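To keep things clear, I will list the structure first and then write my remarks on it.
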Amino acid sequence: MKVIFQGCFGAIGVAFGLSCAVGFAEGVVKIDGSSTVYPITEGAAEDFQKETGTKVTVGISGTGGGFKKFTRGETDVQNASRPILESELKAAKESGIEYIELPIAYDALTVVVNAKNDWVDTIRVSELKKIWEPAAQGKIVKWNQIRPEWPDKVIKLYGAGSDSGTFDYFTEAINGKSKASRGDYTASEDDNVLVQGVEGDKYALGYMGFAYYVAHQKRLKALAVEWDDKKGAAVRPSEQTVLTGSYNPLSRPLFLYVNLKSLEKPEVMKFVEFYLAHVETLAQEVKYIPLPSSAYEKVRDRFKKKKKGTAFAGHGDMAVPIDEILSRPLVP
Amino acid sequence: MRPDLFHALQAKRASRRRSIDQWFRRLGLFLTLTTLGILGILLLNLAMNGLARIDWNFLSSFPSRRAGEAGVLSAWVGTLLLMMVTAGAAIPFGLAAGIYLEEYAPKNRWTDFVEINIANLAGVPSILYGLMALGLFVYQFQFGQSVLAGGLALACLVLPIVIVATREALRTIPSSIREAAFALGATRWQAVWHHLLPYSTGGIATGVILAMSRAIGESAPLITIGALTFIAFLPPAPWVDHVPFVSFDWLFSPFTALPIQMFNWVSRPGEEFQANAAAAGLILMVITLSMNAAAILLRRRAQRNITW
């Protein structure tokens, strides 16, 4: 007992005595941010480290949590499932952080129902709004309230939890305001929970990332989404419809933000170059939708010329075709 | 009252009391088995999903986007290092605080206040400890997102458990032991060091086991301070080939831990990653159980030499 106690005290004393001033700052590429972008970045980090031996770390603090670190200059690269916001732009300016904004892939939010559901195949944007807007809470509870010919059965709703970027984006795209949503549905940050919920209930409806739908597409049915003013032009999420911008408003670009100052470190420069060279195959491998090859060329060119700034000026309007995003002027 | 009536009444009462006793025995047995059953089902479920994934490669590989190649090397090493820091901080601080509060501190309103607050601290959600650690250890003390900051965050989280357990253990020692020591001229410290602490090792060790078992499964505070998910290298080794032969650089190394890796895998699309999560869960269980076994063994040894 005595020995153990003395050992404990001794160890702590020695620990603080010897190594308080030591930091851990050798060539590591530090990345943090969105858990949606994580699988792609993980792939790049994995292969880059195997090929060059340079150390890369990736965290999942979420897009917002990651931007806090990025705008303080603590990370070199930021994973983001939405563009940088005004408050974050301000924080970056205050700490003198300049950045390059790089679109890297697409994610399509997918509205899904149970595979046994035989009455719905397409849904209108206004109907989605009717289901999900805050005013629907406790009022829209049956299928036939949305369209009279649908069954007189209770609709079970499954959606993203309020901490996820998916929630921010879906509410923005459908309800017109980020984070404005009804609250009486089964919410989870973990899309697998939503998959299980919809799989097990004939009268369920939910939304989730495209990759989760692809992994379970035998037991789920993805709905085609149509604008109210374009009847008969319902679009189902797929690689093509997302790329051409026709699957809207539910497709969103994913981004990488690179700290301009970090590019002075050769390992960060090499990592981003490696990332952009391989992102097309990586995105496909983890079931995301890659940009068209021509867009990647523009993205690589933007990086090569170190064009700084954002194409969104602090706003989150993302349902725009990739060509438009890449041709907009950049503002710091 | 007639004696035969009296006896009959007594016999009736006795049989009723016995039947209550029997009922409680059955209820207790039933509830115990239910608890064990739930644990068994949980383990079985984990084992069915994850056992097939556990092999040397799983233990010796870094995370990967390919579920079949992904492993938990950085995670289990991170968890072990975290537990070393947590134990190294929580045990001495908790013991010292417990001993002071129970043996030294005067009993007054102030100590009552402290006591209530320590009990309350044990119920604070773990993410708040994460936020505190982010402000204090990561930024104020400049430890960065390191093993040291993570371990200290977990140590703060479990400190109340260690303190309360220490106090409870000290309280069960008959005061005659203290009085005997004082009567022979021992100082308070001598009484504590030579008598009270050795006698209460069992209770303290149990508290420490509980504390460590709670700490090892936490992911929220670690994610809050910025523990990583993908890290494909290990912290520097604690020994070096030059004077002073030990190195504490690992304390300042970035890290990941088993619960974080599980959390990430559980939320990935596809079945293969779910198997990985279950396998990581099994490994976490094995580490927890072997930590507990070691503590129980230690407790047995410490208690062997005690004769009152």
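The structure presented is a predicted model; accordingly, all values stated were derived computationally and were not measured.
Contact of B:V85 with chain A is not made at all, since no heavy-atom distance falls under 4.5 Å. Neither the backbone nor the side chain of A:D32 comes within less than 4.5 Å of any heavy atom of chain B. Neither the backbone nor the side chain of A:I40 comes within less than 4.5 Å of any heavy atom in chain B. Neither the backbone nor the side chain of B:Q142 comes within less than 4.5 Å of any heavy atom in chain A. With a 4.5 angstrom heavy-atom cutoff, B:Y139 touches chain A only via side-chain atoms. Interface remark: B:F263 contributes side-chain atoms only to the contact with chain A (heavy atom separation under 4.5 Å).
With chain B as the partner, the residue from A:G65, A:G43, A:A211, A:S188 showing the most heavy-atom pairs under 4.5 Å is A:G43. Per-residue counts of heavy-atom pairs under 4.5 Å with chain B were compared for A:A215, A:P39, A:G66, A:S61; the largest is that of A:P39.
Among the residues in residues 65-72 of chain B, those with a non-hydrogen atom closer than 4.5 angstrom to a non-hydrogen atom of chain A are B:R65, B:R66, B:E69.
The CD atom of B:Q145 lies 5.0 Å from the NZ atom of A:K69; values are rounded to the nearest 0.5 Å. Within the model, atoms OG of A:S35 and CZ of B:R268 stand 10.0 Å from one another, a figure rounded to the nearest 0.5 Å. Interatomic distance, OG of B:S267 versus CG of A:D191, reported as 8.0 Å (0.5 Å rounding).
Considering only residues two or more places apart in sequence or on other chains, B:I231 meets the side chain to side chain contact (heavy atoms under 4.5 Å, CB included) condition with A:T57, B:S74, B:L228, B:F233, B:P254, B:T256. Take A:Y38 and apply the side-chain hydrogen bond (donor to acceptor under 3.5 Å, both in side chains) test, not counting sequence neighbours, and it matches A:E42. Residues passing the salt bridge (Lys or Arg N to Asp or Glu O under 4.0 Å) test with A:K270: none are found, sequence neighbours excluded.
At distances below 3.5 Å, not a single donor-acceptor pair connects side-chain atoms of A:E46 with backbone N or O atoms of B:P63.
Under the 4.5 Å side-chain criterion, counting only non-hydrogen atoms from C-beta, B:F230 is not in contact with A:I60.
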